[in-house]
Every structure is written in structure tokens, then in C-alpha cells.
Undergrad: 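Below you'll find the structure I mean.
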Amino acid sequence: QKEVEQNSGPLSVPEGAIASLNCTYSDRGSQSFFWYRQYSGKSPELIMSIYSNGDKEDGRFTAQLNKASQYVSLLIRDSQPSDSATYLCAVNRFGNQFYFGTGTSLTVIP
Amino acid sequence: ETGVTQSPTHLIKTRGQQVTLRCSSQSGHNTVSWYQQALGQGPQFIFQYYREEENGRGNFPPRFSGLQFPNYSSELNVNALELDDSALYLCASSFWGTGQETQYFGPGTRLLVL
């Protein structure tokens with residue numbers, strides 16, 4: 001079983017819609033959770049971090065964490081073509097090692 | 001921009017050669033982590049350096065080694081290069097000590113092994 005699992009996609013949504021990205025993790029001891037965005041040929045860019053159960057909102061982005069279900073999600077409201085990228089979920093277990101999923105490819109159609 | 005820099009941006013080597021990649025961490029950060037990202041995959045943790053010592057290692061062979069310098073910059077060395085070492089190598093800097101460590105990535109070094 002992989003440490004972090006994501007649907008690889010591709011996920012396509014029309015411009016202005018809500019994009020929903022999901023991630024599950026295997027270790028209940030995981031402490032910190034992150035979403036990174038990666039454009040093709042570029043390095044990952046931090047979008048959100050979340051540490052406790054519930055929702056965390058930052059602009060058009062909302063991260064949701066459910067530790068009981070070992071589930072993290074990212075909602076992107078009012079999706080824009082510039083949001084088209086691969087979204088990586090990362091989990092921090094021991095404070096020094098981040099585990100990444102394989103990423104979900106998102107395309108926002110104008 | 002994260003303030004994390006890496007050099008070189010691209011590199012071509014042949015099998016069996018050795019390579020050194022460099023990373024300068026963001027101001028105020030004391031920890032550097034290295035990742036390997038193969039095409040279509042997520043970053044894989046190689047190791048982390050804190051206070052000039054290795055502070056955790058992923059599932060990579062000993063021919064992957066590193067250093068951290070007093071100014072918190074770091075090097076990744078790979079010996080006896082193999083074709084499968086072709087990947088994007090990412091350096092991430094962070095501040096160790098808050099309990100909520102967040103890693104910020106540099107632009108990466110793309111290595112091609114022929």
C-alpha cells in the first residue's frame with residue numbers, strides 16, 4: 001500500500017466550476033498535510049497546509065482534513081485556466097520526511 | 001519565488017559518471033531536503049540535512065550522498081550514475097523546530113543520464 005494515494009486523473013472541469021481533488025494516506029500517525037501545485041516542467045509550489053481536522057480556506061482554495069478517514073481534499077472554487085496543473089498531496093509523518101502522491105492532473109477548460 | 005536556488009538547471013552525464021548538485025536554502029531556514037522526481041511521479045524523498053548532519057533518509061542507495069554547509073546550503077552527490085537516475089532533482093528548504101515544518105522547493109535540476 002502506498003503512503004499517499006491520489007487519483008492520477010486527468011480531471012477536467014469547465015472554467016468557473018469547482019474542482020475537487022482527493023488524497024488518502026496510510027499512516028494514522030501523520031501530522032501535517034500539504035497541497036502543492038506543479039506546472040509542467042516546473043517545481044512544486046505550496047498552495048495550502050493543514051494540520052487539524054476540518055476545513056481551511058485561503059482565497060479560492062479550501063483544504064479539508066479528516067484524520068479518522070485518513071483523507072485530505074482540496075477544493076478549487078471558480079476554477080481558472082491558469083489552475084491547470086498537477087496537484088500533489090504531501091504528508092509529513094516524522095517531521096523530517098514528506099511523502100508525496102503521484103499527483104492529479106487538472107485541466108480547466110475555458 | 002521561494003528564495004531557494006539550485007544549480008545547475010540542466011545537466012547531461014553518461015552512465016558511470018559522478019554528479020554534484022547544489023542548493024541554497026531560503027533565508028531563515030536551517031534544513032534542506034532532497035527529492036528525486038521521475039517523469040509522471042511524485043517527488044521521492046532522498047534525505048534531509050539539519051545542522052550539517054543527515055536527519056533522515058529515504059530508500060536510496062549509498063551512492064546518493066550529501067552535505068550541508070554552515071550557511072545551510074547543501075550538495076547532493078550521486079556516484080556511478082545509472083540510466084534510471086535521470087530525473088528532476090528537487091531541493092526543499094524548511095525551518096526545523098516549530099513542529100509544523102513546511103517545505104519550499106527550489107526550481108530543480110534536470111539530470112539526463114545517457
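Every value quoted in this text rests on a predicted model; they were computed, and no experiment measured them. Side chains are part of it too, since the values below use all heavy atoms of this structure and drop only hydrogens, waters and symmetry mates. Residue numbering restarts at 1 for every chain, and letters A, B, ... go by the order of the sequence lines.
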Undergrad: Heavy-atom cut-off 4.5 Å, strictly under: side chain, backbone, both or neither for A:Y36 against chain B?
TA: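 For A:Y36, the side chain is the part near chain B, not the backbone.
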Undergrad: Does atom CD1 of A:I18 have more than 12 heavy-atom neighbours, drawn from other residues, nucleotides or ligands, at distances under 6.0 Å?
TA: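 For A:I18, atom CD1 is not crowded (no more than 12 foreign heavy atoms under 6.0 Å).
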Undergrad: Working to the nearest 0.5 Å, report the span between CZ of A:F100 and CD of B:Q37.
TA: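 Going from CZ on A:F100 over to CD on B:Q37, the span is 8.5 Å.
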Undergrad: Are more than 12 heavy atoms, taken from residues, nucleotides or ligands other than B:N71, located less than 6.0 Å from that residue's CG atom?
TA: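 Result for CG/B:N71: enclosed.
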Undergrad: Taking atom OH as the centre, does A:Y99 end up with more than 12 heavy-atom neighbours from other residues, nucleotides or ligands that are less than 6.0 angstrom away?
TA: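 Counting neighbours around OH of A:Y99, more than 12 heavy atoms of other residues, nucleotides or ligands fall under 6.0 Å, so yes.
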Undergrad: For residues A:Q38 and B:L88, report the shortest heavy-atom separation together with the two atoms involved.
TA: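 So the two residues come closest at NE2-CD2, 4.2 Å.
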Undergrad: Look at A:S43, A:A90, A:S105, A:S49 and state which one has the largest set of heavy-atom pairs under 4.5 Å with chain B.
TA: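 So the answer, after comparing A:S43, A:A90, A:S105, A:S49, is A:S43.
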Undergrad: Is the distance from the ring center of B:Y35 to that of A:F98 below 6.0 Å?
TA: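 No; A:F98 has its ring centre 6.0 Å or more from that of B:Y35.
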Undergrad: Is it the case that more than 12 heavy atoms not belonging to B:L114 sit under 6.0 Å from its CG atom?
TA: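 Atom CG in B:L114 is crowded, with more than 12 foreign heavy atoms closer than 6.0 Å.
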Undergrad: In terms of heavy-atom proximity below 4.5 Å to chain A, should B:R57 be classed as side chain, backbone, both, or neither?
TA: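 Interface part for B:R57: backbone (N, CA, C, O).
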Undergrad: Where is the tightest heavy-atom contact between A:L88 and B:P43, given as atom of each residue plus distance?
TA: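 Looking at all heavy atoms of both residues, the closest pair is CD1-CD, 3.9 Å.
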Undergrad: Look up atom CD in A:Q97 and atom CD in B:E101, then write down how far apart they are to the nearest 0.5 Å.
TA: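 Here the rounded value is 11.0 Å.
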Undergrad: Within the supplied structure, the quantity of interest is the number of heavy atoms (other residues, nucleotides, ligands) at a distance under 6.0 Å from A:R60 CZ; does it exceed 12?
TA: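 More than 12 within 6.0 Å, yes.
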Undergrad: More than 12 non-hydrogen atoms from neighbouring residues, nucleotides or ligands closer than 6.0 Å to CZ on A:R77, yes or no?
TA: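 Yes, enclosed.
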